[in-house]
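In what follows, a single structure is set out as structure tokens and then discussed.
Atoms within each ligand, like the ligands themselves, are counted from 1 in listed order. Each residue takes its place number in the sequence, starting with 1. Fair warning: this is a prediction, and the values are worked out from it, not measured in the lab.
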Amino acid sequence: MTLPEPRPDLGLREGYLSPQVEVPVRLNTNESPLPPPPEWTEMLVDELHRIQFNRYPDRSASELRAALAAFHGVAPEQVFCANGSNEVIQSLCLAYGGPGRRVAVFEPTYALHSHIAHLTGTAAAEGGRHRDFSLDLDEVARVQAAEDPVLTFLCSPNNPTGLADSPPTVGAVLEGAPGLVVVDEAYGQFAAWSALSLIDDERPLAVIRTFSKTWSMAGARLGYLVGPARVVTALERVALPYHLDSFKQAAGRLALKFAGQMEERVALIVRERQRILAAFASLPLTAWPSQSNFILFRPGRRKGDEVWAGLLDRGVLVRDTSSWPGLAGCLRVTVGTPEENDRFLAALGEVL
Ligand SMILES: *Cc1c(COP(=O)(O)O)cnc(C)c1O
């Protein structure tokens, strides 16, 4: 039997994988450490009885989109939903990318922007950032002029560095953009400002959000884009028919009823983040300020991957970013529950 070889260019990059190790304290993928409210689960179970599983789902996800539109004060035609924001990114690349087209990313940033672009046959033009990881507007202008990207990806707050882009920064990127500016706000609820306030049918700007982080629903795989109605129409052309199942549509719609409890979880994480940063001050490491639910840090005396392994020995899994471009020696820790953070800080103190 001879099987065909997969596309040769797939071998060029490793898949985007975070090791899923069974450990007591999992602080490696920026999920919420807390489950969604029990009342949400109860409502969802009720809803389950009403779903007609022999029928295809509502193809346009009209109730979910209407609920999201009301939540953000936009029109339902300006909302596109998908199976996680990664599928939103894929849809953007399928609709706007392809052979001969480029997207722009500014490293270090979320690896999946360039990875998904690559999978869709779209080239990724990679620019750098300032040394403090803030966006370098001269560099953005240089990449935009040299590469003419059809999509310019920003990530705010930026994963894995934690900094958010300011309104003037996003404004300046928009000003010079030859194509669509996409702001990935997977951690948007942790930041003081959102580019959602700039969404307009006449402006080439789209914002991506997800239920995976602040909404405590990573297991549901639901994300969405808010942007000009014409962008949404373009994304609908590349989405598979009925790509969003009935259960997920209900799960997302019901989650929005618990926005207050989501905000409480965000507030707890922010308090814990500040507590971890305060504890870091007396440890031999460099930490970057964060407007998110994770912290990037670089151990001072020991190598990043050794510290990562030492933490794992003590039952704490963080993200080893030490081999990522521009992040030599760095690790990223997700803020967990107070108990998890205590265990992380104790383990880190021992290892260092
Ligand atoms: C976690 C994360 C996502 C989430 O992707 P989903 O597919 O919605 O789970 C998107 N963008 C960034 C920057 C992230 O860190």
Side-chain angles (χ1 to χ4, degrees), residues 15-18 20 26-33 36 61 64 68 79-94 103-117 119-120 124 129 133 135 151-165 170 181-191 194-196 206-227 235 239 243-245 248-249 251-252 255 262 265-266 269 273 288 290-296 318-319 321 324 327 330 332-336:
Y16 180 84
L17 290 177
S18 184
Q20 282 197 314
R26 251 168 63 177
L27 304 176
N28 64 329
T29 45
N30 297 345
E31 295 145 314
S32 172
L64 172 60
L68 282 165
V79 180
F80 172 77
C81 299
N83 296 283
S85 46
N86 286 331
E87 196 186 44
V88 176
I89 297 163
Q90 185 187 51
S91 303
L92 280 164
C93 291
L94 286 172
V103 303
V105 299
F106 299 91
E107 300 287 352
T109 190
Y110 187 49
L112 279 176
H113 295 151
S114 54
H115 181 70
I116 293 172
L119 292 180
T120 65
R129 289 174 179 261
F133 298 136
L135 215 50
L151 303 172
T152 296
F153 281 107
L154 302 184
C155 189
S156 180
N158 186 39
N159 180 8
T161 61
L163 277 187
D165 298 323
V170 175
V181 175
V182 179
V183 186
D184 186 336
E185 293 191 353
Y187 308 94
Q189 289 89 345
F190 292 101
S194 167
L196 280 168
V207 172
I208 303 176
R209 292 239 166 164
T210 177
F211 282 83
S212 294
K213 310 289 163 54
T214 44
W215 290 99
S216 299
M217 286 167 60
R221 311 303 302 128
L222 178 60
Y224 59 98
L225 170 143
V226 180
L235 299 180
H243 72 301
L244 215 60
D245 66 79
K248 182 182 322 238
Q249 293 186 29
M262 182 272 286
R265 292 195 297 273
V266 168
I269 298 293
R273 179 187 75 205
W288 280 267
S290 170
Q291 293 181 55
S292 193
N293 67 337
F294 54 84
I295 302 171
L296 184 76
V318 301
R319 193 65 181 266
T321 55
W324 295 14
L327 297 181
C330 292
R332 188 195 70 194
V333 62
T334 305
V335 179

Next item on the list: Identify the heavy atoms of Trp288 and Thr161 that sit nearest to each other, and give their distance.
Entry: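 Result for this residue pair: CB-O, 4.2 Å.
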
Note to self: For a quick test of reading the model, state the closest non-hydrogen atom pair linking Thr29 to Lys213 and the distance between them.
What the structure shows: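 Minimum heavy-atom separation between Thr29 and Lys213: O-CE, 4.0 Å.
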
Next item on the list: Given ring-ring contact (aromatic ring centres under 6.0 Å, His included), test Tyr187 with Phe294 step by step and report yes or no.
Entry: CA-CA 10 Å; Tyr187 308 94; Phe294 54 84; 5.0 Å; yes

Notebook entry, point to check: Name the residues with a heavy atom less than 4.0 Å from ligand 1?
Noted result: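 Contacting ligand 1 under 4.0 Å are Gly84, Ser85, Asn86, Tyr110, Cys155, Asn159, Asp184, Ala186, Tyr187, Thr210, Ser212, Lys213, Arg221.
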
Check: Are the side chain of Asn83 and the backbone of His243 linked by a donor-acceptor contact shorter than 3.5 Å?
Finding: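 It does hold such a pair.
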
Check: Can any side-chain N or O of Ser292 pair as donor or acceptor with the backbone N or O of Gly162 at less than 3.5 Å?
Finding: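 No: the side chain of Ser292 does not pair with the backbone of Gly162.
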
Item checked: Partner set under salt bridge (charged side-chain N to carboxylate O under 4.0 Å, His left out) for Glu87, not counting sequence neighbours ->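 Listed in chain order: nothing, the list is empty.
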
